[in-house]
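Both counts, for ligands and for their atoms, begin at 1 and track the order of listing. Remember, it's a predicted structure, so these values are computed and weren't measured experimentally.
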Amino acid sequence: MIVAIDGPSGTGKSSTSRAVAEKLGLRYLDTGAQYRAITWWMLSNGVDVNDPVAVADQAGKPSIVSGTDPLAPAITVDGIDAGAPIRTQEVTAAVSAVSAVPEVRTRMVELQRAAVSGAPEGIVVEGRDIGTTVLPDATVKIFLTASAEARAARRSGELNGAVTVAATRADLIRRDTADSSRTTSPLAKAADAVEVDTTELTLTQVIECIVTLVEEKRTGS
Ligand SMILES: Nc1ncnc2c1ncn2[C@@H]1O[C@H](COP(=O)(O)OP(=O)(O)OP(=O)(O)O)[C@@H](O)[C@H]1O
Ligand SMILES: Nc1ccn([C@H]2C[C@H](O)[C@@H](COP(=O)(O)O)O2)c(=O)n1
């Protein structure tokens, strides 16, 4: 059972994917964390993240290891726990530029397919290009959406209002535009993905909806 969950920033991919994996006894992979990890390494090592040639040249250097336990997602870079530093504003601002570099994507896709091969019990993989490029034969493909307003309000709430909803909304839209317009495997809905608009749904409702879709596929109903 391979479940691909794609969608723009802040639509609920991580929260939903972790919960679905936990409920169904599947592993879980956050591919955004991998792109954030390589971006953090580039920034920490003085690579100009706006220079695609420099990024491509260094893309093979860091060792990135992702855990797949939905109860304790973990990521290390060269053996160092990167869970917190990959969530900084500096990394968020740079990650779209780094993830647009084809050599970076080739490297990450190798890691992602290896994680799937290492999960015989099945896995939920979330990202931007999982259903279209990384795992085109996934058993179930979901494309989550939500209005920019709902996504910004959710994210701003997470930050206890430290960043305004308007600024958060502008940042989400900037990242979605960059991620959707890059040449190599842009953010896109696979033709055979089920689109779930979460704007008016609670997280519990979204989780139930996807668990039902997976179970229907499992039983062939
Ligand atoms: N249906 C929902 N209703 C209300 N809040 C939600 C819903 N889904 C997710 N959230 C909340 O929205 C925030 C963003 O969710 P999450 O991190 O799962 O999104 P994401 O798509 O993985 O984001 P990103 O692409 O930026 O990593 C979290 O605070 C989460 O708890
Ligand atoms: N499959 C993926 C996953 C993520 N990215 C890039 C684009 C995102 O802006 C960034 C961070 O992802 P997030 O942690 O917000 O889910 O990583 C990608 O290009 N492809």
Besides Val194, the hydrophobic cluster formed by Ile, Leu, Val, Met, Phe, Trp and Tyr side chains linked at under 4.5 Å, directly or via other members, contains Met1, Val3, Ile5, Val20, Leu24, Leu26, Val124, Val140, Ile142, Leu144, Val196, Leu201, Leu203, Val206, Ile207, Ile210, Val211, Leu213, Val214
One pair to check against side-chain contact (heavy atoms from CB on, under 4.5 Å): Arg87 and Val91. What are the steps and the verdict? CA-CA 7 Å; Arg87 303 291 163 193; Val91 170; over 6 Å; no
For atom 15 (O) of ligand 2, what's the nearest protein heavy atom and its distance? Arg175 NH1, 2.9 Å
For a side-chain contact (heavy atoms from CB on, under 4.5 Å) check, start with the C-alpha distance between Met108 and Val134, then their side-chain angles and the critical distance, and finish with the verdict. CA-CA 10 Å; Met108 295 302 108; Val134 181; over 6 Å; no
Between Arg128 and Ser9, is any side-chain donor less than 3.5 angstrom from a side-chain acceptor? yes
Protein residue, atom and distance nearest to atom 8 (C) of ligand 2, heavy-atom basis: Asp179 OD2, 3.3 Å
Tell me whether the count of non-hydrogen atoms from other residues, nucleotides or ligands lying under 6.0 Å of CD in Glu90 goes above 12. no
Would you mind checking which non-hydrogen protein atom is closest to atom 3 (C) of ligand 2, with the distance to 0.1 Å? Thr31 OG1, 3.3 Å
Going by the atom numbers of ligand 2, which of them fall below 4.0 Å from some non-hydrogen atom of Asp129? 1 (N), 2 (C), 20 (N)
So for Ser9 against ligand 2, with non-hydrogen atoms under 4.0 Å, the contacting part is neither
If you take the nearest heavy atom of each of Gly127, Gly131, Ala100, Gly32, which one is closest to atom 4 (C) of ligand 2? Gly32
Glu200 atom CD: more than 12 heavy-atom contacts under 6.0 Å: no
Enumerated ligand 2 atoms positioned under 4.0 Å from heavy atoms of Arg87: 14 (O)
In a table with atom names and distances, give each donor-acceptor pair under 3.5 Å that connects a side chain of residues 31-38 to protein atoms at least two apart or in another chain.
unit_1, atom_1, unit_2, atom_2, d
Thr31, OG1, Glu126, O, 2.6
Gln34, OE1, Gln112, NE2, 3.1
Gln34, NE2, Ser66, OG, 3.1
Tyr35, OH, Arg105, NH2, 3.3
Arg36, NH1, Ile86, O, 3.1
Arg36, NH1, Thr92, OG1, 3.0

Which heavy atom of Ala115 sits nearest a heavy atom of Thr68, and at what distance? CB-CG2, 4.5 Å
Test of understanding: with side chain to side chain contact (heavy atoms under 4.5 Å, CB included), list the residues that count as partners of Thr145, not counting sequence neighbours. Phe143, Glu195, Asp197
Asp192 with Lys217: basic N within carboxylate O range, under 4.0 Å: no
Among Gln34, Arg105, Lys13, whose heavy atom sits nearest atom 18 (C) of ligand 2? Arg105
Which atoms of ligand 2 are found less than 4.0 Å from any heavy atom of Ser99? 6 (C), 7 (C), 19 (O)
Restricting to heavy atoms, the pick from Arg128, Gln112, Arg36, Glu126 nearest atom 16 (O) of ligand 2 would be Arg128
shortest atom 17 (O) of ligand 2-to-protein heavy-atom contact is with Tyr35 CB, 3.5 Å
Proximity of Arg182 to ligand 2 by residue part, where a heavy atom lies under 4.0 Å: side chain
Contact residues of ligand 1, where a non-hydrogen atom lies under 4.0 Å away: Pro8, Ser9, Gly10, Thr11, Gly12, Lys13, Ser14, Ser15, Arg128, Arg154, Arg155, Glu158, Arg175, Leu201, Thr202, Leu203, Val206
If the cut-off is 4.0 Å to any non-hydrogen atom of Ser96, which atoms of ligand 2 fall inside it? 9 (O)
Within a radius of less than 6.0 Å around NZ of Lys189, do more than 12 heavy atoms belonging to other residues, nucleotides or ligands occur? yes
Residues Ala100 and Arg182: closest non-hydrogen pair is CA-CD, 3.8 Å
